[in-house]
Structures are given as C-alpha cells and as structure tokens.
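First up is the structure itself, then whatever we jot down about it.
In this chain, numbering begins with 1 at the start of the sequence shown. Side chains are part of it too, since the values below use all heavy atoms of this structure and drop only hydrogens, waters and symmetry mates. Remember, it's a predicted structure, so these values are computed and weren't measured experimentally.
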Amino acid sequence: MKQHIFALIAALGLSACTTAPGKPTHRAAEQQVQSGHEMAASLDRPMYLRGDFTLWDADEVYRLKQTQTGLYSVRVRFMSPGKVYEFKIADAKWTPGYNCGFRYDGKVSLGKPLAADCDTVYNYFGFMPDRKGWYRIALDLRGDVPQLIVQRD
C-alpha cells in the first residue's frame, strides 16, 4: 500500500514539472496575446511609467499619452549613464491586464521593440542608458503582442 501511495505522489510531482520555469504554456501565451488585444481596444484608464526612479508610484509626470491609435508614450530623463533603471508600465492600482512588464526577457535595448506581458506581477524591464538625456518610452498595442520601445528623444 505504501508503495502505491509513493508511486502516486511521485507521478503527481513529476507531472507538475512539465513546463520549464518562466516559459508560458501555449495556452498561457494565447491568453497573454488576447489580453493585449483587449487592452488595445479598451485602454480606458491612465497608464504610468512606474519604476525605481518614481519609487514605483503612479506619478502624473510619468503618465503615458496616446500618440496614435494603440501607441502610448512618455518622455523621461535618465541622468545616470551605466545605471540600470528598472520599471513597468501600469495603471494606478497595478490592475491585472494593465500591469506591463517583460514577457520573455527584461533587458531593454535602445530602439529595439521588446515583447511585453500586461498581466505580470514582478517582471520589470531594465534599461541602462549609455549617456544622460531625454528618452521616450512607448507601449505599442497595435500588434498581436504588446511591445515596449525605448528611444532617445
């Protein structure tokens, strides 16, 4: 009897490990893509750039503004070259579906779109400017998957 219980527990434990950590299942990836479409169609609330430089607060200075249908951006000044700035784009309440962090990798490169997951809790982006100055951070909701883009401004 003990052998049957041990075998059952082992089988349950192994079946729970079928997905690699940090890798979404196909179904989870589909749900994330769908949440991006829903967000683009109904962005009915203010969104903010929230990070270590804002003490993670939703500050009006860092409120994203719509520049085109489905494209939102904010201008920010980074004054410490070589420092990794950590941030997310989220509404004032960190609402699921409006809490955007990285989807696969959080390292942001200048001018390169990076897939975002707007239903995440801890996956913050990291950007290290090579010089001080003004940057524009944009959330692009026009495609199948939300994307983050950082550019010099």
Side-chain angles (χ1 to χ4, degrees), residues 13 15-153:
S15 68
C17 298
T18 58
T19 303
K23 302 262 181 179
T25 63
H26 181 67
R27 181 172 171 85
E30 284 178 8
Q31 289 172 343
Q32 290 170 350
V33 169
Q34 289 172 359
S35 72
H37 280 303
E38 291 168 16
M39 186 181 208
S42 63
L43 193 51
D44 57 354
R45 63 194 72 197
M47 297 288 283
Y48 302 89
L49 180 67
R50 302 177 71 167
D52 54 359
F53 50 94
T54 69
L55 300 177
W56 298 96
D57 290 335
D59 187 331
E60 276 302 309
V61 172
Y62 297 104
R63 183 175 174 172
L64 276 75
K65 300 200 177 5
Q66 186 171 4
T67 57
Q68 297 177 24
T69 301
L71 184 63
Y72 303 82
S73 70
V74 64
R75 193 169 183 236
V76 60
R77 190 170 189 187
F78 292 133
M79 296 303 293
S80 298
K83 176 197 182 315
V84 176
Y85 288 91
E86 298 173 341
F87 61 90
K88 296 184 81 173
I89 294 178
D91 68 355
K93 296 181 179 180
W94 301 104
T95 306
Y98 294 87
N99 186 355
C100 306
F102 71 85
R103 187 168 184 172
Y104 302 115
D105 179 15
K107 184 179 177 187
V108 178
S109 298
L110 193 64
K112 294 184 180 175
L114 184 64
D117 176 356
C118 291
D119 201 20
T120 182
V121 176
Y122 299 110
N123 299 358
Y124 49 81
F125 297 104
F127 175 66
M128 184 171 57
D130 60 352
R131 60 181 155 173
K132 19 174 144 171
W134 289 98
Y135 292 83
R136 182 156 303 275
I137 298 178
L139 181 63
D140 188 347
L141 303 174
R142 298 173 294 184
D144 289 340
V145 176
Q147 294 187 326
L148 179 97
I149 305 162
V150 177
Q151 297 177 318
R152 281 196 185 90
D153 198 32

With sequence neighbours excluded, residues passing side chain to side chain donor-acceptor pair (under 3.5 Å) with Thr95 | Asp91

Matching residue for Asn99 among Lys88, Lys93, Arg50 - test: side chain to side chain donor-acceptor pair (under 3.5 Å) | Lys88

Sequence neighbours excluded and cut-off under 3.5 Å, please list the side-chain donor-acceptor pairs for residues 120-128, or say none.
unit_1, atom_1, unit_2, atom_2, d
Thr120, OG1, Asn123, ND2, 3.4
Asn123, ND2, Phe102, O, 3.3

4.5 Å side-chain heavy-atom contact, Val108 and Ile137 | no

Not counting sequence neighbours, which residues clear side-chain contact (heavy atoms from CB on, under 4.5 Å) with Lys83? List them please.
-> Asp52, Ser80, Tyr85

Nearest-0.5 Å distance, OG of residue Ser73 to CG of residue Leu148 = 11.0 Å

Hey, are the side chains of Phe87 and Thr54 touching, using non-hydrogen atoms and a 4.5 Å cut-off?
-> no

If a pair satisfies salt bridge (Lys or Arg N to Asp or Glu O under 4.0 Å) and one of its residues is in residues 122-139, list it, with sequence neighbours excluded.
-> Asp130-Arg152, Arg136-Asp153

Any idea which heavy atoms bring Gln66 and Gly70 closest together, and the distance?
-> NE2-N, 3.7 Å

Student check: side-chain heavy atoms of Tyr72 and Met47 closer than 4.5 Å = no

Any Phe53 side-chain heavy atom under 4.5 Å of Arg77 side chain = no

Looking at Ala138 and Leu71, what are the two nearest heavy atoms and their distance?
-> CB-CD1, 4.2 Å

Is Asp140 salt-bridged to Arg142, cutoff N-O under 4.0 Å?
-> yes

If you look only at distance, which donor and acceptor atoms sit under 3.5 Å apart when one is on a side chain in residues 57-65 and the other is two or more places apart or in another chain?
unit_1, atom_1, unit_2, atom_2, d
Asp59, OD1, Val61, N, 3.0
Glu60, OE2, Tyr48, OH, 2.9

With a 4.5 Å heavy-atom cut-off, do Leu139 and Cys100 have their side chains touching?
-> yes

Taking all non-hydrogen atoms of both residues into account, name the closest pair between Ala116 and Val145 and its distance.
-> O-CG1, 3.9 Å

